[in-house]
Amino acid sequence: MMIENNKNYSFTGKFINYAKIGKYVKEKNAYKDIKSSFVEIDCKSKNDVKSLENAINYWEDDKFGMNALYAVKEAQEDGSYYSYHKVYTLTSQNDNFELLNSDKILGVIHVSPMGNNKLYVDHIQTNPKYLYSMKPEYAGIGTAMIESIKKLCNMITLFPAKEKSVKDFYYKNGFQEYGHGTNCFVWIKDIFERL
């Protein structure tokens, strides 16, 4: 059973960029490119945290969204281990960002700094209803979040789940395993992209 939460909260987070995803068009039995919004959650804003919490609490079969939410809640505490971590969401909402609609949050990504313009991806989670559906309403959510994070740094490191489909996702998005069998995946910005 699908339950809509229909909650809007005053949002103080920061718009980062628009990202392309696919939206299923039933009449054409195909996906049409649309824009989504990549926004940073303000960990100090109770409303931002509540928006994220309200979305993730309704995600059935969530694996990592709650971990990202935990990091946000911990980052509210000054001096916390998570104080420098960042959590971003991808939303189908493209305007009126002062009121973040929890129902439109499509995915969440939690990153931590590694210094020198490098990031570590702690957790990434697409709303599971779009992962485990034969023809989900939206496609390309994870790729849109990864592409958005790539714009913020020169290097990304992560240790993905060991399922073949997960590793294939990262290979498709330009990551390489750093040392065979290590499960350490790295993406490095092409030097020519920076020129």
Side-chain angles (χ1 to χ4, degrees), residues 3-21 34-60 62-131 138 140-159 173 187 189:
I3 300 170
E4 296 294 325
N5 57 45
N6 295 315
K7 298 279 184 177
N8 295 327
Y9 294 96
S10 178
F11 181 67
T12 58
K14 180 174 144 187
F15 171 81
I16 304 296
N17 63 264
Y18 289 113
K20 182 178 74 171
I21 59 173
I34 64 164
K35 74 177 180 179
S36 60
S37 302
F38 190 66
V39 296
E40 179 183 339
I41 296 292
D42 179 353
C43 297
K44 300 293 184 187
S45 165
K46 289 180 182 177
N47 288 332
D48 284 16
V49 175
K50 193 67 180 165
S51 291
L52 185 62
E53 180 177 35
N54 200 44
I56 291 173
N57 280 338
Y58 285 89
W59 289 359
E60 292 182 31
D62 169 56
K63 290 184 180 179
F64 304 110
M66 277 298 192
N67 295 13
L69 179 59
Y70 175 81
V72 167
K73 287 183 171 189
E74 285 296 309
Q76 289 178 316
E77 303 297 321
D78 289 329
S80 159
Y81 168 78
Y82 293 99
S83 344
Y84 297 104
H85 290 220
K86 303 245 183 218
V87 173
Y88 302 88
T89 63
L90 189 74
T91 175
S92 59
Q93 184 174 334
N94 289 310
D95 58 11
N96 198 23
F97 291 116
E98 60 276 0
L99 290 174
L100 185 62
N101 185 334
S102 299
D103 289 333
K104 295 189 176 196
I105 294 176
L106 306 174
V108 61
I109 186 168
H110 163 213
V111 299
S112 52
M114 292 178 58
N116 296 328
N117 210 18
K118 299 173 187 170
L119 291 174
Y120 178 79
V121 174
D122 292 273
H123 304 99
I124 183 170
Q125 178 70 57
T126 294
N127 181 334
K129 78 177 180 180
Y130 304 122
L131 286 176
Y138 296 102
I141 297 165
T143 294
M145 289 190 288
I146 290 293
E147 289 301 316
S148 294
I149 288 295
K150 286 178 179 180
K151 294 175 184 177
L152 302 177
C153 64
N154 292 328
M155 182 176 164
I156 301 170
T157 304
L158 52 87
F159 289 88
N173 283 287
W187 170 84
K189 185 175 283 190

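The shown structure was predicted, so the numbers you read here are calculated from the model rather than taken from an experiment.
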Validation row: Ile41, Leu100 side chains within 4.5 angstrom (heavy atoms)
yes
Only one of Asn127, Ile141, Thr126 passes side-chain contact (heavy atoms from CB on, under 4.5 Å) with Leu90, and that residue is Ile141
Contacts of Ser83 meeting side-chain hydrogen bond (donor to acceptor under 3.5 Å, both in side chains) (sequence neighbours excluded), chain-then-number -> none
Keeping Asp48 on the side-chain end and Asp42 on the backbone end, is there a donor-acceptor pair under 3.5 Å? yes
Between Ser51 (side chain only) and Ser102 (backbone N and O only), is there a donor and an acceptor less than 3.5 Å apart?
no
Report the C-alpha separation of Met145 and Tyr88 in whole Å, then their side-chain angles, then the decisive distance to 0.1 Å, and conclude whether the side-chain contact (heavy atoms from CB on, under 4.5 Å) test is met. CA-CA 8 Å; Met145 289 190 288; Tyr88 302 88; over 6 Å; no
_Sidechain-backbone polar pair: Gln125 side chain, Lys63 backbone, donor-acceptor under 3.5 Å_ = yes
N/O donor to acceptor pairs below 3.5 angstrom from side-chain atoms of residues 105-124, sequence neighbours left out:
from, atom 1, to, atom 2, distance (Å)
His110, ND1, His123, ND1, 3.0
His110, NE2, His85, ND1, 2.8
Ser112, OG, Asp122, OD2, 2.9
Asp122, OD2, Ser112, N, 3.3
His123, NE2, Asn67, ND2, 3.1

Across all chains, not counting sequence neighbours, the ring-ring contact (aromatic ring centres under 6.0 Å, His included) partners of Tyr130 are Tyr138
In this structure, CE of Met66 is separated from CG of Asn57 (nearest 0.5 Å) by 4.0 Å
Heavy-atom closest pair (Phe38 atom, Leu152 atom, distance to 0.1 Å) is CE2-CD1, 4.5 Å
Residues passing the salt bridge (charged side-chain N to carboxylate O under 4.0 Å, His left out) test with Lys73, sequence neighbours excluded, are Glu53
Item to check | Test side-chain contact (heavy atoms from CB on, under 4.5 Å) applied to Ile34 and Lys20, step by step | outcome: CA-CA 6 Å; Ile34 64 164; Lys20 182 178 74 171; over 6 Å; no
In short, Val49 meets Cys43 closest at the heavy-atom pair CG2-O, 3.8 Å
Those residues at least two apart in sequence (or on a different chain) that pass salt bridge (charged side-chain N to carboxylate O under 4.0 Å, His left out) with Lys104 are none
Applying side chain to side chain contact (heavy atoms under 4.5 Å, CB included) to Lys46 and not counting sequence neighbours gives none
| task | Might you work through the side-chain contact (heavy atoms from CB on, under 4.5 Å) test for Asp103 and Asn54, ending with a clear yes or no? | result | CA-CA 8 Å; Asp103 289 333; Asn54 200 44; 5.9 Å; no
Taken in chain and number order and not counting sequence neighbours, the residues that satisfy side-chain hydrogen bond (donor to acceptor under 3.5 Å, both in side chains) with Ser92 are none
Salt bridge (Lys or Arg N to Asp or Glu O under 4.0 Å) pairs touching residues 142-154, sequence neighbours excluded, are Glu147-Lys150
Using the rule given for side-chain contact (heavy atoms from CB on, under 4.5 Å), can you reason through Tyr18 versus Asn94, listing the C-alpha separation, both sets of side-chain angles and the distance that settles it, and then say yes or no?
CA-CA 8 Å; Tyr18 289 113; Asn94 289 310; 3.7 Å; yes
query: Which is it for Tyr82 and Tyr70 under the ring pair (Phe, Tyr, Trp, His ring centres under 6.0 Å) test, yes or no, and what are the steps along the way?
result: CA-CA 9 Å; Tyr82 293 99; Tyr70 175 81; 5.8 Å; yes
Ion pair present between Lys129 and Glu60, side-chain N to carboxylate O less than 4.0 angstrom? no
Residues at least two apart in sequence or cross-chain that pass side-chain hydrogen bond (donor to acceptor under 3.5 Å, both in side chains) with Asn17, listed by chain then number, are Ser148
Distance col, row Ile146:CD1 vs Leu158:CG, nearest 0.5 angstrom, shows 6.5 Å
Taken to the nearest 0.5 Å, the spacing of Ile16 CD1 from Thr89 OG1 works out to 10.0 Å
